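See below for the structure under consideration.
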Amino acid sequence: MYYIYIACGISLLGAWCYHYLTKNNGYWEKKCVPCPKGAVPGFGHFFSMYLMRKNVFQLGEEFYNEMPGRSMVGLYNAGNPTLLVRDPELVKAVLQTSFASFNSNGIEVDPQLDRLGAKNPFFLVGDEWKSSRQLLSLAYTPGKLKYIYESINVVCASFVKYLNNKVNQGNGEFEIELKDLYSKFTAEVAASSAFGVEGHSFSEDEDGTFTKIGKTIFQPTIIKGIKTMLILFVPLVAKVLKARFMPLEVQQLLVKLVKDMIKYRNDHNVQRKDSLQMMIDLKKSGTIDPSTGREYDDETIIGHATTFFIEGYETSSVTLSFFAHLLASHLEIQQRVREEVLTVAEKHNGITYEALQEMTYLEQALYESMRIYPAAGTLFKVCTSNIELQGCDGITCEVEPGTSVMISLAGMQKDPEYWPDPEKFDPDRFSEDNKQARHKFLYIPFGGGPRACIGMRMAMLQIKAAIATTLGNFTLEVSPKTQLPIKLNPFYFMAAAKGGLWVKIKPL
Ligand code: HEM
């Protein structure tokens, strides 16, 4: 008797799985949206991602390249319809003009498991998203950035000291991995700008607390790869397995760090002009947090401080590492950037905030590096209300609520139709004239529309400061330890080079 129940249970589960995985068969064909061959039953077009052979960055680029000339492409992700939009006008519709129909990033974070991550606007929708976004945006007004730059400048000085020590120990030159190096830089900036403390990131013996936290969360491993994939694409299973973005011990450490800092500032009457102080002041004045309808509390302050740290640390160090690698492999461009840095810095008596605004060729080179290696190669949105999308090629699609929409930055930003010789690193693509001549939504390393990156100006500032400081004092040369051509690590959802990006550094 017992066996009959088990057999029935297994059959029912099997029937449910079969129904779940096949219920949308032929969905795109019925809508007359082109759909590439190769969908694997049960996994759809994303099979190689579930096998951990490719990440969403690489898959998005592949899907984009598979159907040139099409405005949209229909895909299946484990049975769920996913629409890739290729036409920049449709990208604009999804991110900006029809934002009301695509206002969710479609990733839910369980506040019970990720109490700090759950405050990040990236995961929020509706009023909670609006108020959290408004608050965070206040931290990066031009006036605040100028103030933050004082901390960045101090970090730049420690960075040069650290590199000079390494040069001396290495008898005139040394080899280092760029993601590792620039993670120290962004960890230190994030520690001082988000938490108001020194992170000891340039200590000789070991990583500082903030670099350790960053590595624990982000350093690609197969386990983290599986966890992230589940949270992003199979949330039901992630929930059952209680998968968290941020390990519990890291959350506890961050809570303690911020609580101690709030207490220290209150006890010693310390006032700074940073984002932490901005939130402490909101709490002190009894302001109501629109997302909760209650006064600001420590929990919200800790959540937002964590967002500043997490977002400021990883995407910027990914971008810095690829940018420095491209400069190390294009020595003429490296020299041209250096000449600009040295000339402008001489005029301003150093690499000041104002000097960085004048370093236009440095900025062009940075834009070009984010074209080739956007930190986030693929964006996902979820349709929240019915809408018809019309492509420039005559394809029309009624998109239904719940449909996932994919935008491949990596594909679009290297499409030879818009970018001649797309693999070539050519900062002149971003001269003022060339920028004006292009569709605005062809190049979106920071996303676009109402959900565009909040920290864009902060990111540009710290990256330009780090590179200007590096090139103003040292030369970079690609080390033979770098595996060329670069292949991306499939265990990571952003861009990370397999084997790392190694350089030799010498003083000027
Ligand atoms: C080079 C560095 C960075 C890159 C490449 C980057 C890229 C992006 C991208 C592509 C998005 C998604 C935009 C969209 O969906 O349209 C995003 C969102 C976001 N970024 Fe950044 N980012 C960077 C640095 C930062 C920094 C320094 C912060 C500091 C707080 C930050 C905070 C955020 C937040 C909070 C969101 C979510 C916005 C929302 O959903 O409303 N980012 N970023």
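When a ligand or atom number is given, it counts from 1 through the structure's own listing order. Everything numeric here is computed off the predicted structure, so don't read it as measured data.
Near Trp129, the atoms of ligand 1 lying under 4.0 angstrom from a non-hydrogen atom of the residue are 39 (C), 40 (O), 41 (O). Here is the list of ligand 1 atoms found below 4.0 Å of a heavy atom in Phe122: 37 (C), 40 (O). Below 4.0 Å from some heavy atom of Gly447 lie the following atoms of ligand 1, by number and element: 10 (C), 13 (C), 14 (C), 16 (O). Remark: ligand 1 atoms within the under-4.0 Å shell around heavy atoms of Pro445 are 5 (C), 7 (C), 10 (C). Residue Gly448 approaches ligand 1 through these ligand atoms, each under 4.0 Å from one of its heavy atoms: 16 (O). Shown in contact with Thr319 at under 4.0 Å from a heavy atom are these atoms of ligand 1, numbered in order with element: 1 (C). Every atom of ligand 1 is numbered from 1 in the order shown, and the set under 4.0 Å from a heavy atom of Lys381 is 14 (C), 15 (O), 16 (O). The atoms of ligand 1 that sit less than 4.0 Å from any heavy atom of Asn105 are 40 (O).
Residue-ligand proximity: Ile463 is placed with a non-hydrogen atom under 4.0 Å from ligand 1. Using a non-hydrogen distance threshold of 4.0 Å, Phe123 does not register as a contact of ligand 1.
Of the N or O atoms in Arg451, one or more lie within a sub-3.5 Å distance of an N or O in ligand 1. In terms of polar-atom proximity, defined here as any N/O pair under 3.5 Å, Asn120 makes no such contact with ligand 1. Where the criterion is an N or O separation shorter than 3.5 Å, residue side chain and backbone included, Tyr140 fails it with respect to ligand 1.
A donor and an acceptor atom, one from each side chain of Tyr147 and Thr141, are nowhere located under 3.5 Å apart.
For Thr186 (side chain) and Tyr313 (main-chain N/O), a donor-acceptor pair under 3.5 Å exists by modelled atom type. Using modelled atom types, one side-chain atom of Arg338 and one backbone atom of Phe474 make a donor-acceptor pair closer than 3.5 Å.
Atom 27 (C) of ligand 1 has its closest protein heavy atom at Gly312 CA, 3.6 Å. Leu379 CD2, 4.1 Å is the protein heavy atom nearest to atom 12 (C) of ligand 1. Distance from atom 6 (C) of ligand 1 to its nearest protein heavy atom, with residue and atom name: Phe446 CD2, 3.7 Å. In this structure, atom 42 (N) of ligand 1 lies nearest to the protein heavy atom Cys453 SG, 3.0 Å. Of all protein heavy atoms, the one closest to atom 33 (C) of ligand 1 is Glu311 OE1, 3.6 Å.
For the pair Pro445 and Met370, the tightest heavy-atom approach, listed with the atom from each and the gap, is CB-CB, 4.0 Å. Among all heavy-atom pairs drawn from Ile351 and Asn153, the shortest one is O-OD1, 4.1 Å. Minimum interatomic distance between Asn55 and Tyr492 (heavy atoms only, all atoms of both residues): ND2-O, 2.5 Å.
Under 4.0 angstrom from ligand 1, there are no non-hydrogen atoms of Pro374. Residue-level proximity to ligand 1 for Leu409 is absent, since no heavy atom of it falls below 4.0 angstrom. Contacts between Thr315 and ligand 1, counted as non-hydrogen atom pairs separated by less than 4.0 Å, involve both the backbone and the side chain. The residue Val318 has no part lying near ligand 1, judged by heavy-atom distances below 4.0 Å. Counting heavy atoms under 4.0 Å from ligand 1, residue Arg133 touches it through the side chain alone.
Under the 4.0 Å criterion applied to side-chain N and carboxylate O atoms, Lys283 and Glu295 are not assigned as salt-bridge partners. Salt-bridge check for Lys256 with Asp260: passed, with a basic side-chain N closer than 4.0 Å to an acidic carboxylate O. Comment: Glu61 engages Lys414 in a salt bridge, judged by a side-chain N to carboxylate O separation of less than 4.0 angstrom. In this structure, Lys54 pairs ionically with Glu62, as a charged nitrogen and a carboxylate oxygen lie closer than 4.0 Å.
For Phe425 and Trp419, the distance between ring centers is not under 6.0 angstrom.
Side-chain atoms of Lys119 and Ser132, non-hydrogen and from C-beta on, never get closer than 4.5 Å to each other. Considering only heavy atoms from C-beta on, Val382 stays 4.5 Å or farther from Val405 through its side chain. No side-chain heavy atom of Asn103 sits under 4.5 Å from any side-chain heavy atom of Trp129.
Heavy-atom proximity to atom 2 (C) of ligand 1, evaluated over Ala495, Ala459, Ala139, Ser132, is greatest for Ala459.
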